[in-house]
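Okay, so here's the structure we're looking at.
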Amino acid sequence: MSVEIEFEQGGLATEEMTLNMGPQHPSTHGVLRFIVKADGEVMRKATPDVGYLHRSIEKIAEKVGWHGFMPYTDRVDYVAAMACNQGWAMCAETLGGIEVPRRGEYCRIIAAELSRICSHLLAIGATGMDIGAVTPFTHALREREMINDLIEELCGARLTYNYMRIGGVAWDLPPGFRKKVARYLDHLEPCIHEINDLLSYGKIYTERLGGVAVVSPAMAMSYGLVGPNLRASGLKHDLRKDRPYSVYGDFEFDVPVGHGEMGGVGDCWDRYMMRIWEIFESVKILRQAVDKIPEGPVIAKVARTFKPPAGDVHVRVEAARGDMSWYCVSDGSEYPYRVHVRTGSFAAMSIIEELSKGLMIADLVAVIATFDIVAPEVDR
Amino acid sequence: MDTQAIQRKLEAAFGGVVGPVASGRVESWIEVDPDRIDEVAAMLAGDADTRFECLSNLSGVDYPAHGHIQVVYNLISYTHGHELTLKVNADRDSPEVKTLSGVWAAANWLEREVFDLLGVNFVGHPDLRRILLPDDWVGNPLRKDYVEAPDYHGISTIRESMLRIDLPVKD
Amino acid sequence: MSLINSVPEMVLTTKVDAFLNWTRKSSLWYMLFGLACCAIEMMQTGGPRADLDRFGMAPRATPRVSDLMIVAGTLTLKMALRTKVLYEQMPDPKYVLSMGSCASCGGLFQLAYSVCDGVDKIIPVDVYVPGCPPRPEALTEGLLLLQEKMMQEKWLVRSSTPATA
């Protein structure tokens with residue numbers, strides 16, 4: 001480890017420090033560790049050290065079977081768990097040649113968009129808290145509690161849902177659910193505007209986030225950034241619009257991109273605002289979904305001992321943190337042969353080392369928060 | 001461009017290094033030699049007709065019955081909207097594949113993960129070390145013949161709980 | 001001559017003990033040790049609806065100023081070594097609450113190769129709260145149970161189980 005000694009004006013000798021940040025730290029993003037080499041307040045490099053939440057989910061898939069793996073998919077990204085459920089169900093359905101009934105698809109979309117709003121609320125609140133604004137976090141938690149109530153009515157659980165099954169969803173919408181969702185959405189939109197007024201355009205906030213860690217489109221694509229992180233750099237790619245899976249083709253919604261209002265296109269502020277804009281788009285989709293949902297069964301008939309024929313498949317779903325790519329190999333037996341997930345936070349974590357050169361230590365917190373990294377997605 | 005057209009283009013440029021389009025029940029893929037995969041990838045990323053800007057997924061699969069470890073690459077192009085799957089088979093006893101971290105920066109961490117969990121050596125990788133497991137871990141857990149150590153730094157890994165599930169050993 | 005655990009059991013001394021325990025249980029500061037999914041439920045418990053601040057419990061970032069370590073989430077073997085270090089950095093008297101199935105017994109990750117089956121393999125635990133994840137009401141009940149346990153402790157009075165100081 002080399003030590004650089006610089007003599008600045010006035011003959012003051014400085015040395016590089018090596019600091020350790022994490023794995024336990026006052027942030028909501030989970031157990032992440034950074035080894036920071038800093039010259040005073042300015043970082044030379046921040047190397048991530050991951051794996052503190054590696055729970056070997058992929059190996060467990062080979063032991064518990066196709067149906068039994070569904071609760072584990074919740075834990076891949078527990079903040080927005082419905083999309084992970086959907087990814088796994090789509091893998092199994094593509095390999096087994098099963099078609100999901102339309103009402104089942106609509107239930108899946110309603111659940112996935114509700115959990116996307118949940119995840120973005122937490123991301124917004126956590127970003128605020130990391131910068132220092134603690135109050136909007138409680139506002140976000142308050143709204144999140146109401147979504148938890150709705151989802152608890154739907155499937156019985158508040159956080160790790162296990163709602164979807166191979167072939168559809170486990171239970172139909174309870175009576176009166178559609179009215180409750182519509183009423184909640186009417187309540188939510190003014191609350192997001194309130195959080196926006198409190199936080200997003202405040203001077204301290206825009207100074208802390210504007211122009212920090214600008215990611216160019218070429219860099220974003222090379223590092224494999226996906227989801228809101230990619231769209232903040234100006235690239236209009238959303239899997240729900242480009243390659244509509246499930247019944248996303250039935251809905252009308254926009255895909256917001258970053259404009260660089262407060263600095264460069266693709267800075268931290270753009271990434272943060274993406275989540276606010278995406279909540280409004282999810283609200284649009286939900287309103288249309290509860291309006292247009294058809295009657296019918298919610299799950300197709302799938303054998304208890306589900307044995308899809310041998311083969312492999314790549315399935316991509318647009319989760320809250322971006323395009324989640326599932327690769328699944330089947331050998332014709334009741335247990336999957338290999339399951340691999342590539343998540344949005346994994347790519348985001350890998351770009352931080354490159355972006356951190358020249359940033360301040362306080363900016364590192366802003367960068368982690370705005371990339372919306374959760375530890376289980378990185379470590380699985 | 002569909003997979004057949006891409007395969008013809010690659011075969012014209014690289015000859016026998018690139019295999020024909022193989023199709024499973026759902027997906028089709030192209031098999032490539034492990035020591036020329038970096039050149040094939042560089043061409044796919046740089047060529048104006050294919051323009052694969054993004055490496056979407058990189059997975060390793062252990063096939064002890066066939067005697068190889070397979071690395072599966074899923075490439076996507078945002079410009080043209082097409083996808084491609086490449087497969088590379090590396091010998092199981094000393095698996096070596098050329099690294100793609102010079103072509104796509106995303107390959108850096110994805111290859112480290114395959115090195116960590118399956119033991120594949122990526123030739124030319126700038127920083128090949130364990131990523132998810134501790135640095136002093138022994139073995140590659142995602143291999144089919146992996147046996148767990150009884151303890152780690154004095155913490156026993158034997159499960160005393162009643163919820164033990166003994167599954168039949170598959171080969 | 002130390003006063004701790006040295007005085008016979010009388011009305012005055014038990015009242016002093018009760019007073020000391022009441023002051024300690026009413027301001028139990030917990031360290032933010034959220035590892036996995038249970039951390040989100042721990043945050044919601046500290047949130048607006050199931051408020052933990054009404055019991056005097058405030059989240060603290062560093063172990064040096066906290067009384068309670070709520071182990072919320074799965075403990076991997078890589079993290080287990082650091083958990084021991086963090087536990088030893090907490091000053092006495094300290095308590096550990098194991099929140100959720102993963103921290104209590106490994107939970108649904110018992111089949112994993114990299115997970116430590118329960119935090120009690122490394123540090124002593126006072127209260128176990130089952131659930132996956134436990135509801136805020138369940139976590140609150142666990143904390144109230146811990147408060148009841150703290151009220152039983154004897155500081156001044158002679159006792160067969162001496163104080164943890």
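Among the candidates I76(B), T85(B), N74(B), the residue making the largest number of heavy-atom pairs closer than 4.5 Å to chain A is N74(B). Heavy-atom pairs under 4.5 Å with chain B peak, among S222(A), G97(A), G51(A), A310(A), at S222(A). Here R316(A) is the residue among E58(A), R243(A), R316(A) with the most heavy-atom pairs under 4.5 Å with chain B. Interface check for chain B: of the options P309(A), G311(A), G224(A), the most heavy-atom pairs under 4.5 Å are formed by P309(A). The residue among E354(A), M221(A), M349(A), M219(A) with the most heavy atom pairs within less than 4.5 Å of chain B is M221(A). The candidate from P134(B), G60(B), A107(B), A45(B) with the greatest count of non-hydrogen atom pairs under 4.5 Å with chain A is G60(B).
Figure legend: cation-pi geometry between K144(B) and Y337(A), with NZ or CZ positioned under 6.0 Å from the six-membered ring centre and within 45° of its axis. Both tests pass for R271(A) against the ring of F371(A): distance under 6.0 Å to the centre and angle within 45° of the axis.
Side-chain contact check for N85(A) and T73(A): at least one donor-acceptor pair (N or O, by modelled atom type) lies under 3.5 Å. Donor-acceptor pairing under 3.5 Å is lacking for the side chains of H125(B) and T99(B). A donor and an acceptor atom, one from each side chain of S325(A) and N57(B), are located under 3.5 Å apart.
Contacts between V50(A) and chain B at a heavy-atom distance below 4.5 Å involve backbone atoms as well as side-chain atoms. Only the backbone of R143(B) comes within less than 4.5 Å of a heavy atom of chain A; no side-chain atom from C-beta onward does. Heavy atoms closer than 4.5 Å to chain B are found in both the backbone and the side chain of D379(A). Using a 4.5 Å cut-off between heavy atoms, A220(A) does not touch chain B at all. Contact of L110(B) with chain A is made through backbone and side chain together, with heavy-atom distances under 4.5 Å. Within the 4.5 angstrom heavy-atom criterion, no atom of D116(B) approaches chain A. H237(A) touches chain B through its side chain: at least one heavy atom from C-beta onward sits under 4.5 Å away, while N, CA, C and O do not. Contact of L225(A) with chain B is made through the backbone alone, with heavy-atom distances under 4.5 Å.
Between D35(B) and V97(B), the closest side-chain pair of non-hydrogen atoms is not below 4.5 Å.
In this structure, F346(A) has its ring center under 6.0 Å from that of W109(B). Aromatic ring centres of W137(B) and Y152(B): separated by under 6.0 Å.
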Item to check | ring pair (Phe, Tyr, Trp, His ring centres under 6.0 Å) between F69(A) and W88(A), worked out | outcome: CA-CA 8 Å; F69(A) 190 55; W88(A) 173 244; 4.8 Å; yes
